[in-house]
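What follows is a single structure, written as structure tokens, with notes after it.
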Amino acid sequence: MEYEFRENEAKWQKYWADHKTFAAAKDKTKPKYYILDMFPYPSGAGLHVGHPLGYIASDIVTRYKRMQGFNVLHPMGYDSFGLPAEQYAIQTGQHPAITTEQNINRYREQLDKVGFSFDWDREVRTSDPAYYKWTQWIFMQLFNSWYNKDTDKAENLASLISIFEQNGNANVKAVCSETEQFSSEEWKNYSEEQKQIILLNYRLAYLSDTMVNWCPQLGTVLANEEVKDGLSERGGYPVIRKEMKQWSLRIIAYADRLLEGLDRIDWPEPIKEMQRNWIGKSEGSTIRFQLKDHAEAIEVFTTRPDTIYGVSYMTLAPEHELVKKICTADRKATVEAYIDIAANRSERDRMADVKTISGEFTGAYVVHPFTGKDIPVWIGDYVLAGYGTGAVMAVPGHDTRDYAFAKHFDLPILEVVSGGDLSVEAYDAKQGAMVNSDFLNGLEVYDAIKAAIAKIEEKEIGKGTIQYRLRDAIFSRQRYWGEPIPVKFKNGIPELLAEDKLPLKLPEVDAYLPTESGEPPLARAKNWMSDDGFALEASTMPGWAGSSWYFLRYMDAKNEHEFAAKEELNYWQNVDLYIGGAEHATGHLLYVRFWTKFLFDLGMIPKDEMAKKLINQGMIQGVSCFAHRIQGENKYVSFNLIKDQKTTAIHIDVNLVENGVMDIEAVKAWKPDMANAEFILEDGKFICGHEVEKMSKSKYNVVSPDVIIEQHGADTLRMYEMFLGPLELGKPWNTNGIEGVSKFIRRVWRLFHDATGNLIIDESDATKDELRTLHKTIKKITEDIDRFSFNTCISTFMICVNELTEMKCHKRSVIEPLVLILAPFAPHLCEELWSILGHKESISAAPFPKYNEAYLVQSSFEYPISINGKTRTKMELDLGLNNQQIETAVLESDEVQKFLEGKQPKKVIIVPGRIVNLVI
RNA sequence: GCCCUGGUGGUGGAACUGGUAGACACGCAGGACUUAAAAUCCUGUGGCCAUUGCGGCCGUGCGGGUUCGAUUCCCGCCCGGGGUACCA
């Protein structure tokens, strides 16, 4: 009898659910281990084979850690607010909550079939009012806090107000928006309204004007993703950049601590590097350049104040507030035309396109603060409004972009740092002596930077500054399907709702679109007002709000009084192992660290980092299949017969293609317009072309795990996904090798059963060779799980089973431990075998076996080499004499003796069983 | 553009710290069992040459470098993937 995976997998999945086998224990005396997966957005296409990749890995570790005696917390939930559900709602009128619920149910069904060890009692959904109540509550804490640079943490606003009352704001060191100075007297005399306006400059959640993609025809704000080539993806209408009042979070306050914290966590170096670059700390100086014929000055930020004598022009971002003011009458028309074009280009376009150099002269001049010369002011879209001051002092000699701009517009290029050849390219290295720079002449770059800043500060035209590339996080979305922001407006002043009004639930609306006047969808709701009659905020929170603290909620998912009880927080602390995609490096993974530090500052949680260790799983891509249609005919030609014919590639559902061969009848049934088509075959088959693309519904390349589970079983899917390659690497999905894993499962079964299905478990003692095979396998598996190398684990298991099969070993003392170490990988099979071996309890409660070095030693034999005067055996070489320092080596082999001609080698490099290299 | 990352047989990949490149698996070829097929098992399988055995040369995207020795370290390219601030 063969292994019946279908009924067996269903049986054990039911057992685990009924017995709540994987619920984290209430007992807090055991050591804890918290393993977290990035929860999925429940999309309409259902779970695809890429989702389980990380979940299988975390599941293996979960089961392994449980067997090692840890109290493991391994929860799952859904990031269930998001754009796709809303767009579906716009098209169909279906409430997003309904679609979301349906999608979640489908996800849950699919997840269950893989046999995951999630503790479903702790499930969270970000769109559940019982959950987003606390997301809103955290927003309130942000609104009520300011960042005190003296204590270097966030504090309640009360401490700030008390400083204002005693001393005004002159000596307050806060991370805040620009605020005028006031005394304690002035503060006390301000009206309540004035006080609130000032406090808004200090709050960690504040209102400000920011740039958005605005589509006038749709009357809505669009994500960059929804904009293609300056047009809306939906409808193809023009999109412009527009300023809008938005909530922002003062993440900048945490820039330094977000950098510092990276040194204390075991995260992949590339992720840390991306976060460091994203935060982009740079030291430099601000410098004010006085405008000619205007009262204002242009302030720039530069990391190279040393090159101040190399300034030959200024460049402002087209959006810079001074542009319209300083532009001279004769330049007005061209400048404004340029601004219009630049406004329609996204930041990404502007940065990506460095080949097209564009800009305009404004007609205005500034005065160089050291030379007194007139410097022309230009605008150019390579300068971004969002970074620094939105203006740069252009030093074409020593900055690549300035150089290209100067060459293009024939502006002077001055040399102030020696060492380069400015006729060829800019010299931007921070090395060399200063020239043509008055008081800086002769100094090395780093000394010149210091000297320049000192002089700038002395002249009071600027100061040494630290600038971050990181921008404050915009927190408003003009959408329906998100958390409502718990704020009401009194005379335009934002005020929090009372805590007992939470959760502020999403209202019913007649359509999920903006109002006629362009307000967000929530403004459509009847009586979108507070109890005391004030307008409520109509924007909602961004997708990342709910995911920025969910790891805390799992610790105490059902608590109605707090986001999690102190006791639970203190026990579970933070995540020990977090597994998810690297695509979240500068989004979710930065925001969650920010919120964690904030809650830590308020003394609400015990750790200021969310995860000790992070592993990134690679993205599984889809392989799209194409049938090639001859242009102008209803004729399809097999891939290798295309030759020079003009064809159009048509996406074919990948589920109807096997190993490149298309199932013609199935395709005809699937696509009505292909039912009557003619197919030109090769060798009696129709071969498809293929291409690697992101898995997506529209490309018909989504592969659901369901089909694999149906055909081969969950254990095979689990092991095959691990076998596919290293966890961190992205790879296109293919099922070419799945037979090997499927075969492996059957071979394990046959260690217990003969061909007729009878048990053949041998109770006699194992031989040395059998024990060696077992223990070397345990050793390798333990080491490989510990370094998250699951693909090599699978190979190790295959080698082990091959060896045992060859030795015809069916001994309990060997196959029982083997089942234990295999259990995290193929849990259904192993539960069954475990029970066949006579155990009543689930295998997940059994201890993970340890290996014994003594069994690893091979039987020894003489090997013809003597090292340091001692004859060594092959066994000793096997145990690793690699790279040991060897004084003398006598190689007892004629060939080597001949090579050495009696000389003593200086260095001998040995790999097991063989001399690799001799240095004479 | 910028930041991060990957490139090894026909295919997925292994080689963990600079030391036998290609483990393991798929596929393919041949064979055993079978009336036949499926399943299972055995043998071979990087390329070229030699195949009467020993063997010989080339080979980890491309071009250089360091080293006794490089898939691994350094420099310069080419190509693929991810991110780029309202996708999640």
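Letters A, B, ... mirror the listed sequences (proteins, then strands); counts begin at 1.
Comparing B:C79 with B:A29, their C1' atoms are spaced 34 Å from each other, to the whole Å.
Of the side-chain N and O atoms in A:R746, one or more sit less than 4.0 angstrom from OP1 or OP2 of B:U40. Between A:R469 and B:C3 there is no side-chain N or O to OP1 or OP2 distance below 4.0 Å. In terms of phosphate contacts, A:R787 brings no side-chain nitrogen or oxygen within less than 4.0 Å of OP1 or OP2 of B:C16. Taking only side-chain nitrogens and oxygens, A:N802 comes nearer than 4.0 Å to OP1 or OP2 of B:A25.
More than 12 heavy-atom neighbours from other residues, nucleotides or ligands sit within 6.0 angstrom of CZ on A:F405.
Taking the six-membered ring for Trp, A:W267 and A:Y578 have ring centres at least 6.0 Å apart. When ring centroids are compared, A:F39 and A:Y78 stay outside the 6.0 Å threshold. You'll find the ring centres of A:F5 and A:W749 outside the 6.0 Å limit.
Nucleic acid contact class of A:I738 (heavy atoms, under 4.0 Å, all strands): none.
Not a single donor-acceptor contact under 3.5 angstrom links the side-chain atoms of A:E226 to the base of B:C86.
When the C1' atom of B:C87 is taken as reference, atom CZ of A:F81 falls 16 Å away, rounded to whole Å.
Under the salt bridge (Lys or Arg N to Asp or Glu O under 4.0 Å) criterion, the residue pairs touching residues 795-808 of chain A are A:K776-A:E803, with sequence neighbours excluded.
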Show each protein N/O and nucleotides 27-31 of chain B N/O combination with a separation under 3.5 Å, one pair to a line.
none

